There are 2 protein chains.
Amino acid sequence: MVLPPGGGARAPSMVDVAEQARVSHQTVSRVLNTPDAVRPATREKVERAMRELGYRRNATARALKTRRTGLIGVITPGHSAFGPNRMTLAVEEAAREHGFATALSVVRDSRPETVESSLEFFLDHGVDGIVVLAPIIAVAEAARQIAETRSVVLVASGAEPTASLDVVGIDQVRGAREAVRHLLDAGRRRIAHAAGPGEWYDARGRVQGWQETLSAAGVAEGPLLHCAGWTADDGYAAGAELAPQVASGVVDAVFAANDYIALGMMHAFADHGLSVPEDVAVVGFDDVDGAAHLSPPLTTVRQPFEAVGRAAIAELFGAGGGEHTTLIAPTLIRRATA
Amino acid sequence: MVLPPGGGARAPSMVDVAEQARVSHQTVSRVLNTPDAVRPATREKVERAMRELGYRRNATARALKTRRTGLIGVITPGHSAFGPNRMTLAVEEAAREHGFATALSVVRDSRPETVESSLEFFLDHGVDGIVVLAPIIAVAEAARQIAETRSVVLVASGAEPTASLDVVGIDQVRGAREAVRHLLDAGRRRIAHAAGPGEWYDARGRVQGWQETLSAAGVAEGPLLHCAGWTADDGYAAGAELAPQVASGVVDAVFAANDYIALGMMHAFADHGLSVPEDVAVVGFDDVDGAAHLSPPLTTVRQPFEAVGRAAIAELFGAGGGEHTTLIAPTLIRRATA
DNA sequence: CCCCAGGGGACGAAATCGATG
DNA sequence: TCATCGATTTCGTCCCCTGGG
């Protein structure tokens with residue numbers, strides 16, 4: 001299937017409609033933009049002509065004159081990670097409710113050039129605003145500079161807003177606090193944390209929440225493991241590393257930075273003959289699909305991704321005007337692992 | 001952060017560049033489009049002026065004149081399902097390599113009006129081509145009619161191409177055949193299938209592959225369960241329904257329509273004191289993140305989503321010309337459940 | 001007649017101003 | 001004087017045609 005025939009039948013324009021309705025093209029324009037300024041009889045004539053010709057208003061010409069394309073650019077990370085996808089879809093739906101279309105640009109790595117090239121791409125295409133899904137610090141930093149010249153909303157849990165840039169995110173620290181508090185309430189006192197990659201805002205926020213909660217409760221910090229990524233493989237490695245300390249009673253609970261890490265850890269624990277939650281309690285983060293059906297069903301923290309997507313658009317259209325952070329609270333989901 | 005100030009500083013145009021370089025705007029245009037037709041000295045003058053003014057070619061005006069927006073529309077289902085997301089990202093990357101931007105439209109339900117409204121939305125915004133990710137039959141059907149007037153590629157595993165519409169998809173039947181053949185090779189003879197929702201192409205293809213393989217092997221079909229959705233909850237219900245037959249030896253294997261269903265079934269089996277793979281072998285479909293770390297690690301069929309995304313764009317730009325299907329083969333991943 | 005550059009329209013819609021009753 | 005409609009210009013780029021060397 002090839003792209004537009006080029007020499008296909010030209011779509012009808014306002015002038016065509018005007019001729020058909022025996023009015024001027026300006027009247028046609030008015031019917032579209034300020035219908036009340038047109039006499040009902042004339043309006044109906046024009047509307048009938050539009051229907052007969054199958055007229056469709058040309059967004060390109062409109063954009064040229066109004067200096068607005070009606071396009072919102074969304075920069076989204078390339079990992080199959082879970083959150084960004086859902087936020088992207090939520091952003092699209094929210095934007096469409098405002099009559100805006102959403103253009104996508106995937107950023108596979110976090111090099112500044114990559115982000116900048118996506119930004120350039122959007123600027124070339126004349127987007128009216130940009131939403132940057134920036135879970136990684138370097139991505140967010142690369143996005144900052146562009147905020148001087150364009151409306152940008154940064155979706156990053158923990159980034160600082162600036163004068164020309166609003167930030168929307170999920171309160172990672174709070175989610176981590178609830179997770180750790182839940183472990184404390186269950187009587188656990190030797191609580192480890194398997195952290196995500198340090199260049200991620202989410203990972204940092206969860207470490208911070210873990211530390212704060214333990215410190216506030218006067219409980220010593222358990223071991224802090226650093227995972228190289230967010231996958232179950234990384235979790236398995238961390239679990240294997242932690243297993244001896246669980247076996248010897250030095251650790252009786254783990255707060256995992258996400259559900260896949262939790263899953264991998266539980267796998268490693270099982271391989272070491274350790275049982276969850278008897279030997280070690282586990283709390284994850286995300287509430288991925290199927291988390292309720294793991295064995296045992298995973299206690300975790302659910303993130304309201306859809307709400308973030310909507311909030312990002314609201315911020316973009318709102319009268320916020322920068323220097324402002326919207327933080328949305330996640331929810332602890334209690335199941336069987338803790 | 002608000003949308004463009006409206007009355008902000010106007011971006012420099014070709015005329016501005018022309019003045020700065022003391023040439024005509026037409027020469028500036030030529031430097032951009034046919035650089036070889038401009039004397040090097042003139043060209044450099046113009047390029048310097050562009051840099052000094054921070055000139056950026058206006059895509060809107062260009063689109064108005066050339067009748068091409070450089071936009072590809074992608075219609076994507078709203079479920080957090082796994083495949084569509086990855087395909088969407090792949091489509092975007094492939095499109096960008098061709099210099100095209102990707103606009104998104106999420107379709108939450110499969111009603112024809114919903115799909116049509118997305119199509120209308122794209123038409124209003126003047127996209128040059130449309131990729132419809134249509135896992136559900138009704139969505140694909142709704143997309144067909146639009147193919148008369150616009151370049152459309154349908155991504156649907158099992159849909160029929162028509163004169164003006166190419167189809168790209170993953171060979172579901174083949175994937176299912178490999179899964180079932182693997183179970184047969186392992187000595188299983190009473191093989192059930194937990195099918196996905198019947199309105200999905202993927203679900204139908206997998207049922208077909210299951211039936212064909214059993215029939216070709218002269219083995220009677222095991223029970224066929226119909227899941228209402230693709231989630232682990234649905235799988236759990238199916239597993240609970242099937243457990244008695246597993247316990248009594250009437251069923252010794254299950255081919256699950258996807259990994260989440262497989263996960264839910266395994267959960268149900270465990271709740272009924274059944275063990276995998278001893279009492280019942282399980283094969284899933286998708287190879288979702290973490291499948292390797294389930295207990296036991298899940299044998300499944302991996303789908304090459306990225307390849308499909310790339311193929312869809314190739315088809316859109318290619319000289320295919322409709323009436324043509326591209327089928328990509330999935331891969332069996334052997335692990336511990338079968 | 002080749003090489004290079006400029007002038008004058010489109011493209012389709014919207015804004016400004018002016019005309020008409 | 002107001003409501004209604006029309007003529008003209010503008011947005012920024014690309015294309016056709018012309019002209020000077």
Side-chain angles (χ1 to χ4, degrees), chain A residues 4 6-47 49-50 53-71 99 123-126 128, chain B residues 4-47 49-50 53-70 99 123-126 128:
Chain A
R10 210 182 85 267
S13 76
M14 274 190 176
V15 182
D16 301 319
V17 175
E19 281 177 12
Q20 175 93 357
R22 302 189 176 285
V23 295
S24 87
H25 68 107
Q26 179 49 25
T27 301
V28 179
S29 174
R30 262 189 284 260
V31 168
L32 255 24
N33 298 318
T34 53
D36 293 339
V38 176
R39 212 186 334 170
T42 316
R43 194 192 320 162
E44 273 190 39
K45 254 197 324 190
V46 172
E47 280 167 349
M50 290 203 217
L53 269 56
Y55 171 74
R56 186 182 292 278
R57 176 217 238 117
N58 184 317
T60 302
R62 181 184 168 81
L64 178 61
K65 185 61 184 160
T66 60
R67 299 163 168 291
R68 291 177 159 236
T69 54
L71 261 187
L123 260 25
D124 281 343
H125 278 80
D128 291 335
Chain B
R10 211 182 84 268
S13 75
M14 276 189 177
V15 182
D16 301 319
V17 175
E19 281 176 13
Q20 175 91 358
R22 304 189 177 284
V23 296
S24 85
H25 67 106
Q26 180 49 25
T27 302
V28 179
S29 173
R30 261 188 287 258
V31 169
L32 253 25
N33 299 318
T34 52
D36 293 338
V38 175
R39 210 185 331 169
T42 315
R43 194 191 321 162
E44 273 191 38
K45 255 198 321 188
V46 172
E47 280 167 348
M50 290 202 210
L53 270 54
Y55 170 76
R56 185 182 292 278
R57 175 214 240 129
N58 184 317
T60 301
R62 181 184 168 81
L64 179 61
K65 186 60 187 166
T66 61
R67 298 165 169 289
R68 290 177 160 234
T69 55
L123 260 24
D124 281 342
H125 277 81
D128 291 335

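Remember, it's a predicted structure, so these values are computed and weren't measured experimentally. Quick note on labels: first sequence line is chain A, next is B, and so on, each numbered from 1.
In this model, the phosphate group of D:dT4 is not approached by any side-chain N or O of A:R43 to a distance below 4.0 Å at OP1 or OP2. For B:T27, no side-chain nitrogen or oxygen approaches OP1 or OP2 of C:dA5 to under 4.0 Å.
Between A:R67 atom CZ and D:dG12 atom C1' there is a gap of 9 Å when expressed in whole angstrom units. The distance from atom CD of A:E44 to atom P of D:dT4 is 15 Å, rounded to the nearest whole Å. Atoms CE (A:M50) and P (C:dG12) sit 16 Å apart, rounded to a whole Å.
Taking CE from A:M14 and CG from A:L53, the interatomic distance works out to 13.0 Å, rounded to the nearest 0.5 Å. In this structure, CZ in A:R56 is found 4.5 Å from CG in B:L123, a value given to the nearest 0.5 Å. The NE2 atom of B:H125 sits 10.5 Å away from atom CZ of A:R57, with the distance rounded to the nearest 0.5 Å. Taking CZ of B:R39 as the start and CZ of B:R30 as the end, the distance is 12.0 Å to the nearest 0.5 Å.
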Distances for protein N or O near nucleotides 13-17 of chain C N or O, under 3.5 Å:
from	atom 1	to	atom 2	distance (Å)
C:dA13	OP1	A:Y55	OH	2.5
C:dA13	OP1	A:N58	N	3.1
C:dA13	OP2	A:M14	N	2.6
C:dA14	OP1	A:R62	NH1	2.2
C:dA14	OP2	A:S29	OG	3.4
C:dA14	OP2	A:N33	ND2	3.2
C:dA15	N6	A:Q26	OE1	2.8

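Each of B:R22 and B:L64 was matched to the nucleotide of DNA chain C holding its nearest heavy atom; the match closer to the 5' end belongs to B:R22.
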A:D128/A:L71 under side chain to side chain contact (heavy atoms under 4.5 Å, CB included): CA gap, chis, key distance, verdict
CA-CA 6 Å; A:D128 291 335; A:L71 261 187; 5.7 Å; no

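B:N58 and A:R67 share no donor-acceptor pair across their side chains, judged by distance under 3.5 Å alone.
Each end of the helix from C:dC2-D:dG21 to C:dG21-D:dC2 gets its own axis, taken as the rotation carrying the C1' atoms of four end pairs onto the next four within a five-pair window, and the two axes meet at 60° to the nearest 10 degrees.
Residue contacts shown for B:V38 are limited to sugar-phosphate atoms, with no base heavy atom under 4.0 Å away.
No side-chain heavy atom of A:Y55 sits less than 4.5 Å from a side-chain heavy atom of A:V46.
Side-chain N or O atoms of A:T66 include one that pairs as donor or acceptor with a backbone N or O of A:R62 at under 3.5 Å.
Residue B:R39 has its side chain nearest to C:dA5 when only D:dG12, C:dA5, C:dG12 are considered.
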